[in-house]
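The structure under discussion appears below in the form of structure tokens.
Just so it is clear, the model here is predicted, and its values are computed rather than measured. Throughout, protein chains are lettered first and strands after them, A, B, ... in sequence-line order, and every chain is numbered starting at 1.
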Protein chains: 6
Amino acid sequence: MRPSGRQPAQLRPVRLTRHYTRHAEGSVLVEFGDTKVICTASVEENVPGFLKGKGQGWVTAEYGMLPRSTGSRMKREAASGKQSGRTQEIQRLIGRSLRAVVDLEKLGERQIVIDCDVIQADGGTRTASITGAFVALCDAISGLIAAGKLTESPIREAVAAISVGVFEGTPVLDLDYPEDSACDTDMNVVMTASGGIVEVQGTAEGAPFSRQELNALLDLAEAGIRELLAQQQAALAS
Amino acid sequence: MRPSGRQPAQLRPVRLTRHYTRHAEGSVLVEFGDTKVICTASVEENVPGFLKGKGQGWVTAEYGMLPRSTGSRMKREAASGKQSGRTQEIQRLIGRSLRAVVDLEKLGERQIVIDCDVIQADGGTRTASITGAFVALCDAISGLIAAGKLTESPIREAVAAISVGVFEGTPVLDLDYPEDSACDTDMNVVMTASGGIVEVQGTAEGAPFSRQELNALLDLAEAGIRELLAQQQAALAS
Amino acid sequence: MRPSGRQPAQLRPVRLTRHYTRHAEGSVLVEFGDTKVICTASVEENVPGFLKGKGQGWVTAEYGMLPRSTGSRMKREAASGKQSGRTQEIQRLIGRSLRAVVDLEKLGERQIVIDCDVIQADGGTRTASITGAFVALCDAISGLIAAGKLTESPIREAVAAISVGVFEGTPVLDLDYPEDSACDTDMNVVMTASGGIVEVQGTAEGAPFSRQELNALLDLAEAGIRELLAQQQAALAS
Amino acid sequence: MRPSGRQPAQLRPVRLTRHYTRHAEGSVLVEFGDTKVICTASVEENVPGFLKGKGQGWVTAEYGMLPRSTGSRMKREAASGKQSGRTQEIQRLIGRSLRAVVDLEKLGERQIVIDCDVIQADGGTRTASITGAFVALCDAISGLIAAGKLTESPIREAVAAISVGVFEGTPVLDLDYPEDSACDTDMNVVMTASGGIVEVQGTAEGAPFSRQELNALLDLAEAGIRELLAQQQAALAS
Amino acid sequence: MRPSGRQPAQLRPVRLTRHYTRHAEGSVLVEFGDTKVICTASVEENVPGFLKGKGQGWVTAEYGMLPRSTGSRMKREAASGKQSGRTQEIQRLIGRSLRAVVDLEKLGERQIVIDCDVIQADGGTRTASITGAFVALCDAISGLIAAGKLTESPIREAVAAISVGVFEGTPVLDLDYPEDSACDTDMNVVMTASGGIVEVQGTAEGAPFSRQELNALLDLAEAGIRELLAQQQAALAS
Amino acid sequence: MRPSGRQPAQLRPVRLTRHYTRHAEGSVLVEFGDTKVICTASVEENVPGFLKGKGQGWVTAEYGMLPRSTGSRMKREAASGKQSGRTQEIQRLIGRSLRAVVDLEKLGERQIVIDCDVIQADGGTRTASITGAFVALCDAISGLIAAGKLTESPIREAVAAISVGVFEGTPVLDLDYPEDSACDTDMNVVMTASGGIVEVQGTAEGAPFSRQELNALLDLAEAGIRELLAQQQAALAS
């Protein structure tokens with residue numbers, strides 16, 4: 001049985017709170033159970049150097065954790081003077097996942113910077129970040145359309161992400177921290193509304209895993225992401 | 001008149017939400033109007049190197065702003081690889097203000113690290129941080145007493161802080177961002193429950209100010225801090 | 001057709017040259033076609049701080065590219081003062097992949113540091129690194145056994161890695177640089193001799209990919225890795 | 001009694017040596033007793049990025065201490081790779097204090113960089129720096145006028161600074177190091193020739209201080225600064 | 001006797017392998033016995049900021065050692081975040097030595113960046129680097145001429161370098177690592193084909209050395225460099 | 001003729017002012033004409049990690065320039081976050097030069113840190129630093145003897161340094177800045193009282209130089225250093 005009492009295929013309660021802070025063009029608090037991440041989307045009317053004059057835009061992401069979002073206090077990255085390898089891996093993943101559903105030429109020569117800041121962590125911060133960031137991105141795009149800066153949305157379809165893993169022999173959905181630290185295999189899956197896979201990252205923490213396990217995990221993930229996509233839609237409709 | 005319509009001696013609505021996040025020994029969301037800061041207190045059973053074996057504890061603070069807590073996105077300090085001079089000034093001020101009301105010998109050989117992370121900024125983030133951090137510190141100390149690690153509180157008295165300034169010729173209390181960017185004189189005052197001054201930092205942004213103006217500002221600050229101390233007490237009593 | 005004229009399921013010529021440099025306990029030049037990486041294994045008779053006194057060892061990896069291993073010169077990371085996110089991602093992957101096949105308790109309280117330095121790049125540097133690093137690791141372990149420091153090998157089984165991708169609609173094995181920069185989907189697979197998956201990292205560079213494509217890619221990868229494992233065995237036997 | 005035998009309201013001997021080094025447009029050795037600081041003013045015919053094209057100039061400051069300006073050797077900041085929070089606080093204070101008396105529009109699109117380097121420290125390095133830096137600034141401005149680059153001085157009035165504190169219960173002027181390390185309250189005051197306050201920074205090192213103490217300290221500071229302003233005038237007249 | 005059995009005036013076997021890697025405009029593996037360095041020359045069609053618009057080019061160098069090029073593993077400079085003083089000293093020496101034989105105006109407004117990366121170290125890495133880098137530079141220049149970007153070579157004459165030292169009382173040529181760590185005096189000499197000295201850097205590791213010893217060492221170096229110049233010519237002719 | 005009107009073999013006026021600042025165990029202002037460097041020697045009762053328990057001491061040096069010690073303002077190294085290659089080269093040279101005349105075993109398990117800070121530069125800052133640092137070192141050693149911590153001096157003999165160069169075809173002694181920037185060959189020589197050479201560093205800035213020129217330069221340097229050694233003696237005797 002799962003420590004939380006959840007069924008293997010059961011997500012934690014998901015909440016997406018739009019307009020969570022005041023200044024950003026998109027601002028969403030995403031909660032996957034006790035994991036809470038503030039996702040903001042900032043529109044900047046310029047592009048990074050390597051895209052200057054190429055007639056396209058850019059979407060990028062940065063990720064951070066408040067020092068005490070975790071059980072024991074982590075060193076503040078701003079104070080230690082660099083971002084950890086884990087932080088960089090996650091923010092690169094978030095950026096790639098969002099770019100996969102945006103038509104960068106339609107976006108025009110502007111950049112949208114997504115910031116995902118974890119205020120409370122209980123496993124799954126990267127998948128919650130992607131799921132919430134997509135909603136923040138939608139709000140930022142809506143603002144551009146409302147302001148007449150875009151005539152149609154460059155977003156091709158929705159994207160969301162979930163973690164799956166093999167916990168005590170059983171494939172389970174949406175690992176919380178106690179499961180994450182104890183599981184054998186840990187996989188993050190990013191998928192679009194049309195069912196396409198954007199990213200699969202599976203890691204054997206203990207024993208290697210088999211193709212059958214991989215397939216079982218992908219099945220779980222696919223179902224979970226479908227639920228998340230529905231929640232995004234509901235949040236954006238409200 | 002003030003842009004917000006407030007009276008010169010009127011604070012913004014103040015809210016202190018205890019137990020705001022789950023992991024920290026003390027965790028408070030402090031709101032001064034639209035300024036929102038998460039203050040956590042983390043207990044560590046060791047002291048910094050310079051205090052090893054001296055039979056006393058330490059209280060220190062770190063401060064940060066989410067990149068989009070402000071009107072336009074600020075560069076993430078973890079990404080740029082260092083904390084700005086402003087950040088360091090503020091976190092040093094928060095640390096000194098809290099140490100001023102703690103008997104470090106009674107605290108024993110342990111350290112309490114206060115993290116103040118601004119999730120939305122509208123002026124006064126350092127004074128909100130000090131005011132909220134004191135409540136988080138109290139909760140952390142209560143936890144140590146409840147766990148039998150301390151028999152009596154090392155906190156001597158409460159401490160809170162407020163900004164004051166001369167806005168369009170009039171001394172006003174608790175500057176919000178529009179006032180802060182336009183005012184001539186800006187002062188931050190940190191005071192204790194017994195009326196003692198812990199810090200006064202006054203800066204002439206435009207024309208220098210006179211002793212009379214200084215006194216008028218201190219009068220305003222004193223009254224404002226008395227209100228904040230009452231709010232802290234109410235929050236701790238609830 | 002592939003730019004190199006290879007069949008879809010065809011690896012580039014693979015060469016594993018042991019004892020490539022003189023000082024390291026294991027030193028292998030691995031070549032996947034024009035991709036050339038020096039993999040060294042260094043034995044250190046201590047463990048990182050977080051493992052002190054835990055009765056187990058550690059295997060970790062660092063990765064680098066010579067500035068002119070690539071078509072246009074890259075900035076030297078030592079000169080720019082930090083390792084890129086890509087570098088950190090790759091070295092974390094190499095470390096995890098090797099730890100997956102080592103019994104860290106049997107290794108004893110010592111650390112093996114793997115350095116993978118790319119002297120010529122033509123796509124697939126991370127998979128070549130893992131494949132070559134495993135051979136260097138074996139040599140280092142043999143040295144420990146020969147020196148009487150270990151009585152049996154802590155290596156549970158062999159591990160190798162390969163890239164696969166969808167290039168112009170066709171799943172192909174072992175992407176070289178022209179394919180890598182043009183392909184829609186790019187996946188790195190790390191597998192053990194017993195067929196277990198250690199890592200799967202698949203990324204849609206263009207359009208998202210389907211479960212069928214994922215399966216086709218994994219089939220290709222499995223066959224390719226079986227060839228690499230045979231090459232490792234041959235090299236270690238010589 | 002004060003360790004130095006001084007009266008409570010007595011400054012240490014103050015010396016301002018102009019043209020102390022050869023290259024800078026303004027170069028002053030300022031001595032407050034055993035505290036010795038080299039203040040140079042460098043004129044640069046450009047402005048920082050945020051002021052480009054705004055039709056105004058800038059005055060900024062940097063501060064440093066020679067490693068052995070102090071009783072025990074401090075780590076060299078250039079070697080440790082960053083400036084401490086204290087250093088940044090001080091250089092920001094020096095810059096603000098000088099800008100408060102300069103009409104930046106009259107200065108034109110150029111920058112004056114003030115460097116304050118402590119060669120021997122005995123308390124009061126920041127107040128000595130401000131006092132000496134003003135003289136160096138005047139010399140740099142005179143050079144600009146002599147060179148025909150300015151027709152009138154953008155300096156509105158003189159500025160100087162002094163520390164005050166409560167030492168063994170008595171308010172005293174111009175703290176030296178033994179007093180500074182033992183005093184209860186420490187305040188730095190920056191004032192102009194017309195008696196306006198530019199900065200007040202008071203800190204309770206031990207017990208909080210009262211409004212009466214604050215007033216007594218400000219009275220002392222005001223008298224001390226008047227003496228310093230006279231010394232600056234004498235130095236500039238010679 | 002020398003640990004290697006060499007005569008005092010005997011070089012180690014020298015090998016210069018051109019076109020060692022594929023991407024660089026010049027790429028040479030230089031071997032002085034067991035010391036092996038990859039030297040690449042990269043042509044960039046721009047110049048550093050301080051030379052913009054001055055109608056001349058630039059030649060510069062960077063140097064690095066693979067972590068396990070040495071007997072015990074060195075910390076990777078990219079990971080520790082800075083280049084050591086030794087690294088910087090060596091790369092500055094390589095750059096100066098090459099610039100001494102290049103007519104920078106004839107080179108035109110372009111930069112050639114030399115990278116010297118030590119893959120195996122056994123003493124003399126800096127002299128091997130200079131000797132090999134010259135050959136890589138020649139190949140890069142030939143490429144520019146072949147491409148019609150230069151009509152004549154800006155290289156005035158050849159340059160090579162060797163170490164000499166006093167080992168157990170005897171002046172010897174081309175120190176290997178066991179000699180280098182035990183010798184009293186260590187000197188690096190850089191000379192041109194016409195016999196001019198470009199650099200002499202002699203250091204007394206133990207007792208100071210005399211003018212006679214200096215002269216004996218320079219005689220040895222001169223003869224050794226003549227041999228190296230012949231080897232360079234042979235390699236470039238092949 | 002030399003820009004300064006000096007004879008080819010003429011030093012600039014040399015001054016060595018002992019006890020220049022108050023806190024350091026040795027503190028010397030050294031002046032070679034307009035070049036002025038503060039050299040302090042700090043005694044620390046511990047040794048760097050690599051010497052722990054080896055029964056010997058250490059002498060090391062750090063070097064810096066005040067930002068406006070030069071004709072145009074240099075960026076402050078503490079602000080830019082790292083020491084330049086030139087700075088590191090110079091401080092390594094100063095440290096080696098002093099260690100060459102100290103019996104590190106007799107010094108005992110303590111470290112002497114030499115800080116050389118240039119307050120005004122006019123060429124020759126590294127040779128002035130070495131010459132002044134030796135005097136500061138002597139004062140620090142005398143203090144250790146006076147305090148009973150050493151019974152005899154670990155200093156074997158005196159050491160001093162001077163620059164020489166070929167200026168407009170003539171070998172000249174003690175280059176000032178106008179000569180240094182225009183000369184063809186620039187050499188720094190470090191010698192001991194007994195005439196032994198500790199370091200020779202000669203660089204052809206323009207055309208390579210010959211053995212004859214090298215010898216003429218060494219003759220000049222030897223005579224100049226003899227004068228400097230006499231000045232050191234005189235300073236230490238006063």
Side-chain angles (χ1 to χ4, degrees), chain A residues 19-29 31 33-46 60-84 87-88 91 111-122 136 140 176-177, chain B residues 19-29 31 33-46 60-84 87-88 91 111-122 136 140 176-177:
Chain A
H19 312 304
Y20 185 66
T21 54
R22 196 184 88 178
H23 299 297
E25 284 72 41
S27 174
V28 169
L29 175 74
E31 298 170 77
D34 271 354
T35 289
K36 304 184 184 198
V37 186
I38 301 176
C39 306
T40 60
S42 300
V43 178
E44 301 183 349
E45 291 295 329
N46 52 57
T60 189
E62 288 188 3
Y63 170 92
M65 298 182 86
L66 295 202
R68 198 55 198 282
S69 59
T70 46
S72 61
R73 187 177 181 272
M74 293 167 45
K75 216 165 157 0
R76 185 179 290 266
E77 290 188 332
S80 57
K82 62 176 182 177
Q83 294 179 298
S84 71
T87 292
Q88 291 190 60
Q91 64 194 14
Q111 181 171 231
I112 299 185
V113 183
I114 304 294
D115 286 286
C116 296
D117 285 275
V118 179
I119 62 176
Q120 190 174 278
D122 186 36
D176 55 27
Y177 182 74
Chain B
H19 313 303
Y20 185 66
T21 55
R22 194 184 90 180
H23 299 297
E25 284 72 39
S27 174
V28 169
L29 174 72
E31 297 170 78
D34 270 355
T35 288
K36 304 184 184 196
V37 187
I38 301 177
C39 307
T40 59
S42 298
V43 177
E44 301 181 349
E45 292 294 327
N46 53 55
T60 189
E62 288 188 5
Y63 170 93
M65 298 181 85
L66 295 200
R68 200 52 199 282
S69 58
T70 46
S72 61
R73 187 176 181 270
M74 292 166 47
K75 217 166 160 354
R76 185 179 289 269
E77 289 189 331
S80 57
K82 61 175 181 176
Q83 294 179 298
S84 70
T87 292
Q88 292 190 59
Q91 64 194 15
Q111 179 171 233
I112 300 184
V113 182
I114 304 293
D115 286 287
C116 296
D117 284 275
V118 179
I119 62 176
Q120 188 174 280
D122 186 34
D176 54 28
Y177 182 72

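Every residue meeting the side chain to side chain contact (heavy atoms under 4.5 Å, CB included) condition with A:Ala61, not counting sequence neighbours, appears here in chain and number order: A:Ile94, A:Ile114. With sequence neighbours excluded, the residues that form a salt bridge (charged side-chain N to carboxylate O under 4.0 Å, His left out) with B:Asp117 are A:Arg76.
Of the atoms belonging to B:Thr87, not a single heavy atom falls under 4.5 Å from chain A. Contacts between A:Ile38 and chain B at a heavy-atom distance below 4.5 Å involve the side chain alone, from C-beta outward. Within the 4.5 angstrom heavy-atom criterion, only side-chain atoms of A:Glu44, from C-beta onward, approach chain B. Only the backbone of B:Ser69 comes within less than 4.5 Å of a heavy atom of chain A; no side-chain atom from C-beta onward does. Of the atoms belonging to B:Cys116, it is backbone heavy atoms, and not side-chain ones, that fall under 4.5 Å from chain A. At a 4.5 Å heavy-atom cutoff, the contact between A:Thr70 and chain B is made by backbone atoms alone. With a threshold of 4.5 angstrom between heavy atoms, B:Ser42 approaches chain A through its backbone and through its side chain.
Interface check for chain B: of the options A:Thr21, A:Val113, A:Asp115, the most heavy-atom pairs under 4.5 Å are formed by A:Asp115. Looking only at heavy-atom pairs under 4.5 Å with chain B, the residue among A:Gly64, A:Ser72, A:Gly81 that has the most is A:Gly81.
Closest approach of B:Leu66 to A:Leu66, counting heavy atoms only: CD2-CD2, 4.1 Å.
Tested against B:Arg22, the residues A:Gln120, A:Arg68, A:Lys36 include a single side chain to side chain contact (heavy atoms under 4.5 Å, CB included) partner, A:Gln120.
Taken from CD in B:Gln83 to OG in A:Ser80, the straight-line distance is 9.0 Å, to the nearest 0.5 Å.
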